[in-house]
Protein chains: 2
Amino acid sequence: MTETRAYHHGDLRRALLAAALDAIEEVGPAALSLRDLARRAGVSHAAPAHHFGDKAGLLTALATQGFDLLAQTLASAGDDLLAAGVAYVDFAVRHRAHFEVMFRPELYRAGDAELVTARERAGAALRSGVATLPTSGAPVDTDRDALAAWSIAHGFATLWLAGALPNRVGGNPRKAAQEVLRRLTR
Amino acid sequence: MTETRAYHHGDLRRALLAAALDAIEEVGPAALSLRDLARRAGVSHAAPAHHFGDKAGLLTALATQGFDLLAQTLASAGDDLLAAGVAYVDFAVRHRAHFEVMFRPELYRAGDAELVTARERAGAALRSGVATLPTSGAPVDTDRDALAAWSIAHGFATLWLAGALPNRVGGNPRKAAQEVLRRLTR
DNA sequence: AATCCTATCTTGCCATTGACAAGATGCCGC
DNA sequence: GCGGCATCTTGTCAATGGCAAGATAGGATT
C-alpha cells in the first residue's frame, strides 16, 4: 500500500525494496540484479548503492523486514501450536521472497545489528508459540519439542516452495500443512 | 578417489564436477563461477561449456548425481524410519553442496530426463523408508505420514545448513536429528 | 537573501562473468 | 596415412557489481 508516486526525489529506498520483492519472486534471490531494480524504479544504475551499499546490503534490509514480518505474523497467530505452524507455512508461501532471503545467510550480512534483533524477535515469537505444547505424560524437553515443531513447519514450507511436493498435495498449502503438522501435535 | 592426474586430455568432466563441489561448499551454489572452475581444473575458460553447455547444465549434472547418492544412502539405511531420517540429515550435512543444489530447481533444468529418473529413484527410496511406520491404532494415511517425516527431516537439515539453529543444539547433527525425529515416530 | 552543506542521484569507468563463434589439437578407426 | 570427431583454446560481446567523481536540490545558518 501507500504506492507514493515519488522516486526521483522521494522514497527510493522503499521503491527499491518493493521492486526487489517482485524480482525475487520472478527469478529468485540469487539472480537478483541491482541494475534491474534501478531500471524498475526509473533511476540510474548506481542509485541503489547509495541506499544499501551493495547487493548484500539490500538483501540484509529485506531479510530484516522479513524477520519482523514473521514475528508479527506468529504473534497474531496466537498461542496454539498448530495454528502457529500453519501461520509459519502460510507466511513462507505468501511472502516467498522474504522467506527465501531470510534463510540464505550467505547472501546478506548475518551480523548486522538491526537484522540480529529482528531475527531474535522472530525466534522469541516462535518459542512462545511452542510453549503451549500438550505436556502429555512423558517428561518434556521444550527445546527439542520446539525444534521439532520448527523443523516440520520449516521443512514443509521449504519443500512446498521448491516445488518438490507431489501434485497430490494440492493447491491449498494451509490445509496440507495442517494435516502434516497434526502428525506432530497429537 | 581415483584422482586421475589427466585433465588436459582426460576426465575433465569429472574434475569439473569435483571442483564445483568444493566451490559450492565455499561460496554457495549461486555464486558458482564457471571460469573459476576452469581455473581450478587448469583449463581454458570455455572448456566447461563443451561438457555441460552452460551453468544450468553443470548444476543439472550435479543435482542428478546428488539424487542418485541420496537414493543409495537411503537404501542402505534400511527400513527403520528413524534411521532413514537420520540418514537423510546426515546426507545433507556430509554432501552439503549436492543437497543445496538439489532443492534449488531454479538453478538447473528440472525437466532433464536423467535428473527426473534420479529424483524418482530417490523419492521411491524415501517412501519405502516410511512404509514401515508403526501403525499404532488410528487409521493411517501413509501419504501424509510420509510427507510429515520428509518435512521434519528436511526442515531440520535445512535449518542446520542455514546455521539457523541455536548453539545449544551442538556439533553432532546425527544425535540432534535423532532426538528431534523421535518426536514424530513415537 | 545569499551561502553553505549534506543527502540524493547521475555519469563514467573497470574487472569479472556467461555465452557464443571460430579455430586449433589430438585421438581413433579405416 | 588420412579423414572425422570429440575435446579444448582464443577471441569477442553484452551484462553486472562496484567504485569514483561530479551534478542537483532542499534546508539550515548567517
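Just so it is clear, the structure is predicted and the values come from calculations on it, not from any experiment.
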Between [X] ([atom1]) and [N] ([atom2]), how many Å, whole number?
X	N	atom1	atom2	value
A:Lys55	C:dT16	NZ	C1'	13 Å
A:Leu34	D:dG17	CG	P	5 Å
B:Leu37	C:dG18	CG	P	8 Å
A:Asp54	D:dA20	CG	C1'	16 Å
B:Phe52	C:dC20	CZ	P	16 Å
B:His45	C:dA21	NE2	P	15 Å
A:Leu59	D:dG18	CG	C1'	15 Å

Among [options], which is the nearest nucleotide to the side chain of [X]?
X	options	result
A:Ala46	C:dT17, D:dC8, D:dA20	D:dA20
A:Arg39	D:dT10, C:dC9, D:dT16	D:dT16
A:His50	C:dT11, C:dA19, C:dA7	C:dA7

If the cut-off is 4.0 Å, is [X] near the phosphate of [N], judged by side-chain N/O to OP1 or OP2?
X	N	result
A:His51	C:dC9	yes
B:Arg35	C:dA15	no
B:Ser33	C:dT16	no

Closest-nucleotide 5' rank along DNA chain D - winner of B:Arg13 and A:Ala49: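 Its nearest nucleotide being more 5', the pick is B:Arg13.
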salt_bridge(B:Glu106, A:Arg96) N-O dist < 4.0 Å: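 Result for this pair is no, no salt bridge flagged.
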Pair B:Glu25 + B:Arg94: basic N to acidic O under 4.0 Å: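 No, no charged N to carboxylate O under 4.0 Å.
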Sugar-phosphate only, base, or nothing, as touched by A:Leu32 at under 4.0 Å among non-hydrogen atoms: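 It contacts sugar-phosphate atoms only.
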Proximity of A:His95 and A:Phe91 rings by center, below 6.0 Å: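 Close enough - the centres of the two rings lie under 6.0 Å apart.
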Side-chain touch A:Trp160/A:Val169, heavy atoms, less than 4.5 angstrom: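 Contact flag for A:Trp160/A:Val169 side chains = yes.
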Plane angle bin for A:Tyr88 and A:Phe103 - parallel if under 30°, tilted between 30 and 60°, otherwise perpendicular: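 Correct class here is tilted.
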